[in-house]
*Asks:* 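One structure follows; several queries about it will come next.
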Amino acid sequence: MTLTDAFQTIKQYQARSALSPEEEFVLIEAYMEIIQAYENDDDDATGHVAMFNLADYYKRHGEYRLALKYYRMSAEHGGGWPAETELAHFYYYGLTGKPDYEQAYRYASRAAEEHSPRALLILADLYRYGQFVKPDHQRYRHIIFDLYEQLADSPSPMVKGEVMARLADIYRQDDDPDEAFELFLEAQSALEEQFLIYFENRDLDLMKHVMESLYSLLGPARSKLTEFGLYDLYVLLKDPVCIAFSSSSGLHYVTSHPEPAGITVEMDGNWYRNIDDFFDRATIDGARLPAICDDLLDFRIL
């Protein structure tokens, strides 16, 4: 493959929503051709951009060790805060093994200097939990409030939900349930939108926290709810219930069953160990439910 072929291949394939296994192989080969051609030229962004994009490809496909390798290469060849943000994320959440908070702090601090929202969020959590640094709740609050202002007018849902959920927790701790409730609602909406683009299982844990917090703040008023959606099932499935909803594929039924060890969940003949397992593994036509949430309608309790 020539360098010209590599650029043309990437341009062609990036516009496609799905690739065959053979096309995936050719795409990787194209990225490698560009990386090898520009690996020793840090003055040209072409190399580190190709490294970053290849890392993104591996991340989307769950090949985290390869993703980490190429994010690191991108950072070392001038990739700057985008690559450093990803490295902070990988090290903080231990995507290739155990978390490394020292490395997370190192890369998050660098990227935060360029106002990377995700890096600032990781930095905030490091101060919140005293990971590698001394706990500093005031600094944590300061970063979260600043991030909320920074992201308020952003059209992108990425990071928004995480920031809003943390700010909601702060207001709840400050005994302001009304403000907390509104922020949890904003967090739910932002996370729903984000999940249509990309999500990790840890993001589902945050959505679970958001929904449980909303229902807790609702109190007795929760019994008057007449409309609900997919993520309300985090709470509704805790009691024995059968819920119907529709998608473009037809009608679906979700049932929770009390067992001695807890609640098990069944949907369309498939069984799940618990509610978390249901959200982790349940699919319709091969697609995980959070990724097609906008296609899931008419939820109702039978």
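Any value given below was found using the heavy atoms of this structure, including those in side chains, with hydrogens, waters and symmetry copies removed. Numbering of residues begins at 1 and proceeds along the displayed sequence.
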*Asks:* Find the distance between CZ (Phe279) and CG (Leu233) and round it off to the nearest 0.5 Å.
*Replies:* 5.0 Å
*Asks:* Regarding Asp280 and Tyr272, do their side chains bring together a donor and an acceptor under 3.5 Å, going by distance alone?
*Replies:* no
*Asks:* How about Asp205 and His209: does a side-chain donor come under 3.5 Å of a side-chain acceptor?
*Replies:* no
*Asks:* Under 4.5 Å side-chain heavy-atom separation, chaining through any Ile, Leu, Val, Met, Phe, Trp or Tyr, what else clusters with Leu3? Say none if it is isolated.
*Replies:* Met1, Phe7, Ile10, Tyr13, Leu19, Val26, Leu27, Ile28, Tyr31, Met32, Ile34, Ile35, Tyr38, Met51, Leu54, Tyr57, Tyr58, Leu66, Tyr70, Met73
*Asks:* Evaluate side-chain contact (heavy atoms from CB on, under 4.5 Å) for Tyr140 paired with Arg166, printing each intermediate quantity in order.
*Replies:* CA-CA 10 Å; Tyr140 165 74; Arg166 285 165 175 77; 3.3 Å; yes
*Asks:* Name the residue from Asp174, Asp169, Asp136 that meets the salt bridge (charged side-chain N to carboxylate O under 4.0 Å, His left out) definition with Arg141.
*Replies:* Asp174
*Asks:* Looking just at side-chain N and O atoms, do Tyr93 and Arg202 make a donor-acceptor pair shorter than 3.5 Å?
*Replies:*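 Yes - a donor-acceptor pair under 3.5 Å links their side chains.
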*Asks:* Phe132: what forms a ring-ring contact (aromatic ring centres under 6.0 Å, His included) with it, not counting sequence neighbours?
*Replies:* Tyr105
*Asks:* Distance check, rounded to the nearest 0.5 Å: Thr85 atom OG1 versus Leu121 atom CG?
*Replies:* 11.0 Å
*Asks:* Quick one: CE on Met164 to CG on Leu167, what's the gap to the nearest 0.5 Å?
*Replies:*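 Output value for this atom pair is 9.0 Å.
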*Asks:* Please report the C-alpha distance between Tyr215 and Asp232 in whole Å, then the side-chain angles of each, then the deciding distance to 0.1 Å, and finally whether the side-chain hydrogen bond (donor to acceptor under 3.5 Å, both in side chains) criterion is met.
*Replies:* CA-CA 9 Å; Tyr215 273 76; Asp232 294 81; 2.6 Å; yes
*Asks:* Taking the basic N atoms (NZ, or NE/NH1/NH2) and the acidic carboxylate oxygens, is any pair closer than 4.0 Å for Lys238 and Glu212?
*Replies:*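 Salt bridge between Lys238 and Glu212, a charged N being under 4.0 Å from a carboxylate O: yes.
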*Asks:* Whether the side chain of Ser256 engages the backbone of Asp239 through a donor-acceptor N/O pair (distance < 3.5 Å, no angle test) should be reported.
*Replies:*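 Side chain of Ser256 to backbone of Asp239: a pair is present.
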*Asks:* Side chains of Tyr253 and Glu266: do they bring a donor and an acceptor to under 3.5 Å?
*Replies:*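 There is no such pair between these side chains.
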*Asks:* Please step through side-chain contact (heavy atoms from CB on, under 4.5 Å) for the pair Leu191 and Leu206, ending with a clear verdict.
*Replies:* CA-CA 9 Å; Leu191 288 171; Leu206 179 60; 4.1 Å; yes
*Asks:* Give the C-alpha distance, both sets of side-chain angles, the deciding distance and a yes or no for side-chain hydrogen bond (donor to acceptor under 3.5 Å, both in side chains) between Tyr92 and Gln131.
*Replies:* CA-CA 9 Å; Tyr92 186 78; Gln131 295 159 326; 2.7 Å; yes
*Asks:* Side chains of His252 and Ser247 only: does a donor on one sit below 3.5 Å from an acceptor on the other?
*Replies:*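 A donor-acceptor contact under 3.5 Å links the two side chains.
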*Asks:* Does Ser74 reach the main-chain N or O of Ala83 with its side chain, forming a donor-acceptor pair under 3.5 Å?
*Replies:*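 It does not hold such a pair.
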*Asks:* Would the distance check show the side chain of Lys160 and the main-chain N or O of Ser154 forming a donor-acceptor pair, the cut-off being under 3.5 Å?
*Replies:*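 Side chain of Lys160 to backbone of Ser154: a pair is present.
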*Asks:* Do you see a donor-acceptor pair shorter than 3.5 Å between the side chains of Glu192 and Gln188?
*Replies:*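 On atom types as modelled, these side chains qualify, holding a pair under 3.5 Å.
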*Asks:* Mark yes or no: Arg300 above the aromatic ring of Phe245, with NZ or CZ under 6.0 Å from the six-membered ring centre and no more than 45 degrees from the axis.
*Replies:*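 No, Arg300 does not lie over the aromatic ring of Phe245.
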*Asks:* Does either side chain, that of Asp276 or that of Tyr234, offer a donor lying less than 3.5 Å from an acceptor on the other one?
*Replies:* no
*Asks:* Using ring-ring contact (aromatic ring centres under 6.0 Å, His included), reason through His115 and Trp81 one step at a time and then give a plain yes or no.
*Replies:* CA-CA 9 Å; His115 309 288; Trp81 68 266; 9.9 Å; no
*Asks:* Inspect the surroundings of CZ in Arg65 and state if more than 12 heavy atoms from other residues, nucleotides or ligands are less than 6.0 Å away.
*Replies:* no
*Asks:* Quiz question: by atom type and distance under 3.5 Å, do the side chains of His89 and Arg118 form a donor-acceptor pair?
*Replies:*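 Arg118 and His89 do have a side-chain donor-acceptor pair below 3.5 Å.
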*Asks:* Indicate, with yes or no, if the rings of Phe90 and Tyr71 have centres closer together than 6.0 Å.
*Replies:*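 Aromatic pair counts; centres sit under 6.0 Å.
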